[in-house]
There are 2 protein chains.
Amino acid sequence: MPLDERKKRILEAIIEEYNKTAEPVGSSKIASDYNLGFSSATIRNDMAALEEMGYLDKPHTSAGRVPSSKGYRFYVDTIMKEYQLTPREKALIDDNLKEDVLRFDELIKEASSILSRITNYASLVAGPQNDACSVEEIKLVKLGQDRLMIVLLADNGIIKESVVRYNGEISEENIQIFNSLLNYKFKGMNFKEVYDNINSNIQDELYNINNTVVPLVMELNHMLTEGDSEIYLDGTRNMLELPELKKETTLKNFLNIIETQDAIKELVKNGYNGNINVYIGQETAFEDLKDFTIITYKQVINDKEIGTIGVIGPKRMDYKKVIPVIKYIGDKVQEKIKQGGEEDGGKPGEQ
Amino acid sequence: MPLDERKKRILEAIIEEYNKTAEPVGSSKIASDYNLGFSSATIRNDMAALEEMGYLDKPHTSAGRVPSSKGYRFYVDTIMKEYQLTPREKALIDDNLKEDVLRFDELIKEASSILSRITNYASLVAGPQNDACSVEEIKLVKLGQDRLMIVLLADNGIIKESVVRYNGEISEENIQIFNSLLNYKFKGMNFKEVYDNINSNIQDELYNINNTVVPLVMELNHMLTEGDSEIYLDGTRNMLELPELKKETTLKNFLNIIETQDAIKELVKNGYNGNINVYIGQETAFEDLKDFTIITYKQVINDKEIGTIGVIGPKRMDYKKVIPVIKYIGDKVQEKIKQGGEEDGGKPGEQ
DNA sequence: GTTTAGCACTTGATTCGAAAGAGTGCTAAA
DNA sequence: TTTAGCACTCTTTCGAATCAAGTGCTAAAC
């Protein structure tokens with residue numbers, strides 16, 4: 001049975017009121033403050049019906065109603081009208097993002113930090129899955145007497161670097177050979193392929209040139225696989241102010257979420273490219289997430305996934321505003337990255 | 001008036017009991033559980049005296065006593081006998097630190113992580129003050145078409161790297177010239193000196209060679225100054241389990257400490273080189289710290305400061321154990337770094 | 001002189017029931 | 001179909017009474 005117009009309006013009002021106060025909402029509150037033109041009794045009847053249909057929950061008989069996950073879902077998909085950011089708000093974001101950040105990972109972290117400051121929720125950042133990165137270039141740089149820095153440049157602009165120490169001697173010449181060989185073999189391959197191939201494909205060959213190569217290959221393997229599992233969180237402190245986290249169990253759940261990160265990783269992985277993904281409460285199977293909502297936006301440039309930004313907040317989230325904000329910031333990030341790319345010579349005749 | 005032996009024993013017992021329970025301690029508890037051979041009445045009298053002298057506080061008339069900062073201070077300086085780590089505990093630390101970490105900053109972070117896991121408090125890491133780092137080598141590495149990675153190697157083993165994008169063209173040859181010039185001018189200077197000199201000393205010279213140099217110099221400046229202000233915290237989640245943080249205001253104070261980091265920075269800066277520094281509650285002027293203790297250990301190798309590790313916990317801290325643990329871990333870190341240095345060729349004839 | 005038993009006293013914590021408050025669900029009337 | 005009205009349910013609040021912990025002091029014992 002579809003919801004009639006009045007029920008929609010009532011559901012909307014309840015959600016807005018609950019989002020403001022975090023307290024169960026009663027029929028008379030709606031009748032008096034949201035002049036819908038119906039008495040509290042009528043609203044009461046509809047609220048009972050909405051509960052029956054699963055859009056509302058009731059903590060106990062004499063309390064008001066609380067939106068359920070299904071209620072929020074309906075609101076987000078059907079009722080809600082996205083808030084239009086004011087020029088002032090846009091400027092605020094633009095100003096904070098204006099510094100020319102050259103590493104995409106840093107840019108994305110910066111964006112995430114703004115996101116948490118503007119929304120007052122926690123924000124998250126995830127790097128791209130490793131099978132979405134291809135090797136553009138590998139550089140080996142000798143540092144001091146016995147260390148080697150490995151720099152890995154991916155086609156999506158991600159840069160990773162790490163340092164290994166070797167025992168014995170490697171000549172500059174050997175390093176050059178290693179370097180050329182690595183680039184020759186792996187350029188254009190995605191990280192996962194390189195990882196799967198590196199041992200069989202190249203280790204022996206390198207080893208014959210100089211047997212100090214083992215730690216180098218190990219470290220390269222490590223670099224190819226790490227980031228996959230790393231989630232960076234910001235603004236988690238904001239969350240501690242929320243009234244819902246005053247409850248011991250909810251607090252524990254939240255700390256679990258940010259400590260284990262399992263749920264976040266899973267959702268990030270499943271998010272659609274270039275789309276806003278909204279996961280409300282128990283829509284996901286993660287028990288700890290039942291009182292929270294996660295919204296993610298996976299950044300994509302030229303079909304290359306470059307990472308995900310997102311927000312973690314209470315189910316009672318200001319969807320109307322958060323969704324446009326995350327969109328705006330995400331789009332801005334992509335814009336900046338593309339700009340960077342264009343200066344690269346992508347627009348010939350401009351330099 | 002100095003404390004007689006009995007008062008010392010009573011103070012010690014109170015501290016140990018309070019450390020266990022976080023509840024005010026009564027005279028009869030001490031009499032029954034810590035057989036000192038005196039009745040509760042006697043202990044009661046001494047407790048009143050200890051309070052009078054400022055070693056104990058009393059939350060209210062009908063509660064027991066709680067150690068004051070002065071009480072803890074006396075305990076740490078005079079009464080306490082440091083706990084001897086068991087071989088098992090040492091092995092635990094050794095195992096966790098055994099992986100060969102090649103970047104000192106990473107090594108120190110690793111150590112800090114172990115510290116928080118073993119003590120169950122929060123741990124902190126700070127890089128060295130920048131005037132304690134000297135330039136050993138600067139490397140410029142061309143990445144892709146329009147980016148340059150700057151790698152800064154300090155004599156204390158710290159490595160910093162960053163990436164800049166430039167507009168226009170720089171030939172490999174120009175990069176080599178920049179590189180030699182930077183090393184020629186700045187090798188051996190400490191970061192602060194370089195920072196103070198770089199603009200007057202070299203910018204024009206470089207600029208004449210290639211005018212794309214501006215962002216490079218800006219970024220280098222940034223690298224020379226950052227880290228100074230960065231504190232890395234670990235295990236803050238442990239703290240949330242503490243009963244003292246159940247109190248709203250104490251929780252707020254703690255969150256303030258870890259968010260602003262002002263107090264931590266100040267204490268880290270003032271810590272004595274190569275020494276354990278203990279800051280108990282209101283011994284420092286920082287209001288937020290009044291219920292907490294910070295212990296720091298500044299790592300030094302060959303007079304070169306390489307960073308600080310430390311612990312943040314409640315005033316009611318297991319001093320007897322935490323101090324030896326932080327010492328052991330700190331010393332282990334230095335040992336590892338020195339080993340690394342030796343493999344470097346420091347011990348000729350070994351390779 | 002020092003230590004201890006004993007007890008009155010203080011004060012926060014706990015318990016309990018009554019009253020208050022909020023909001024529903026149902027009935028009957030508009 | 002909507003609404004007024006009211007009984008009913010359940011939680012929250014409040015204050016009084018009781019409880020429990022621990023002190024401080026006095027007077028006796030060592």
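Labels below follow one simple rule: chain letters A, B, ... track the order of the sequence lines, proteins then strands, and each chain is numbered from 1.
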Trainee: Looking at K58(B), does any N or O in its side chain come under 4.0 Å of the phosphate oxygens OP1/OP2 on dG24(D)?
Mentor: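 For dG24(D), OP1 or OP2 has a side-chain N or O of K58(B) closer than 4.0 Å.
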Trainee: Does S40(B) reach a base, just sugar-phosphate, or nothing at all? Heavy atoms under 4.0 Å.
Mentor: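 Answer is nothing: S40(B) stays at 4.0 Å or more from every strand.
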Trainee: For S39(B) and dT4(C), is the shortest distance between a side-chain N/O and OP1 or OP2 below 4.0 Å?
Mentor: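 Checking dT4(C) against S39(B), a side-chain N or O does come within under 4.0 Å of OP1 or OP2.
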Trainee: With a 3.5 Å limit on both atom pairs, tell me what dC14(D) is paired to, counting Watson-Crick and G-U wobble, or say none.
Mentor: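 Because both required distances fall under 3.5 Å, dC14(D) counts as paired with dG17(C).
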Trainee: Using a cut-off of strictly less than 4.0 Å, decide whether R6(A) has a side-chain nitrogen or oxygen near OP1 or OP2 of dT2(D).
Mentor: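 Checking dT2(D) against R6(A), a side-chain N or O does come within under 4.0 Å of OP1 or OP2.
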Trainee: For E82(B), which residues count as a side chain to side chain donor-acceptor pair (under 3.5 Å) partner, sequence neighbours excluded?
Mentor: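 So E82(B) forms a side chain to side chain donor-acceptor pair (under 3.5 Å) with K327(B).
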Trainee: Using atom CG of L56(A) as one end and atom C1' of dG23(C) as the other, report the distance to the nearest whole Å.
Mentor: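 Those two atoms, CG and C1', are 14 Å apart.
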Trainee: Does the structure show a Watson-Crick or G-U wobble partner for dT2(C), both distances under 3.5 Å? Name it, or say none.
Mentor: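 WC or wobble partner is dA29(D).
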Trainee: Flag the pair R73(B) and D77(B) as a salt bridge only when some basic side-chain nitrogen lies within less than 4.0 angstrom of an acidic carboxylate oxygen.
Mentor: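 Salt bridge between R73(B) and D77(B), a charged N being under 4.0 Å from a carboxylate O: yes.
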Trainee: Starting from C1' on dG24(D), measure out to CD on E51(B) and report it in whole angstrom.
Mentor: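 Distance check: E51(B) CD to dG24(D) C1' gives 11 Å.
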Trainee: Can you check the N45(A) CG to dA28(C) P distance for me, whole Å?
Mentor: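 The answer, rounded to whole Å, is 15 Å.
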Trainee: What nucleotide, of dT3(D), dT4(C), dT11(D), holds the atom closest to the side chain of T42(A)?
Mentor: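 Among dT3(D), dT4(C), dT11(D), the one nearest the side chain of T42(A) is dT3(D).
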Trainee: Tell me the partner of dA20(D), counting only Watson-Crick (N1-N3 plus N6-O4 or O6-N4) or G-U wobble (N1-O2 and O6-N3) with both under 3.5 Å; none if nothing fits.
Mentor: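 Base-paired to dT11(C).
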Trainee: Can you classify the ring geometry of F292(B) versus F254(B) as parallel (below 30°), tilted (30 to 60°) or perpendicular (above 60°)?
Mentor: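 Plane angle between 30° and 60°, so tilted.
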Trainee: Between F38(B) (CZ) and dG1(C) (P), how many Å, whole number?
Mentor: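 Checked: the CZ to P distance equals 19 Å.
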Trainee: Would you classify A41(A) as touching base, sugar-phosphate or nothing, given that sugar-phosphate means primed atoms plus P, OP1 and OP2, and contacts are heavy atoms under 4.0 Å?
Mentor: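 Result for A41(A) = base.
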Trainee: Does R65(A) get its side chain close enough to the base of dG25(C), under 3.5 Å, for a donor-acceptor pair?
Mentor: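 No pair found.
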Trainee: For the residue pair Y75(B) and Y319(B), does the interplanar ring angle fall in the parallel (under 30°), tilted (30 to 60°) or perpendicular (over 60°) class?
Mentor: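 The arrangement is perpendicular - the two ring planes meet at more than 60°.
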Trainee: Under 3.5 Å, is there any donor-acceptor pair linking the side chain of S62(B) to the base of dT11(C)?
Mentor: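 In this structure, the two groups form a donor-acceptor pair.
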Trainee: Both conditions, 6.0 Å and 45 degrees, for the charged tip of K70(B) above the ring of Y55(B): are they met here?
Mentor: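 Yes, cation above the ring, under 6.0 Å and within 45°.
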Trainee: Please determine whether a side-chain nitrogen or oxygen atom of T61(B) lies at a distance below 4.0 Å from atom OP1 or OP2 of dC9(C).
Mentor: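 Looking at the OP1 and OP2 atoms of dC9(C), neither is under 4.0 Å from any side-chain N or O of T61(B).
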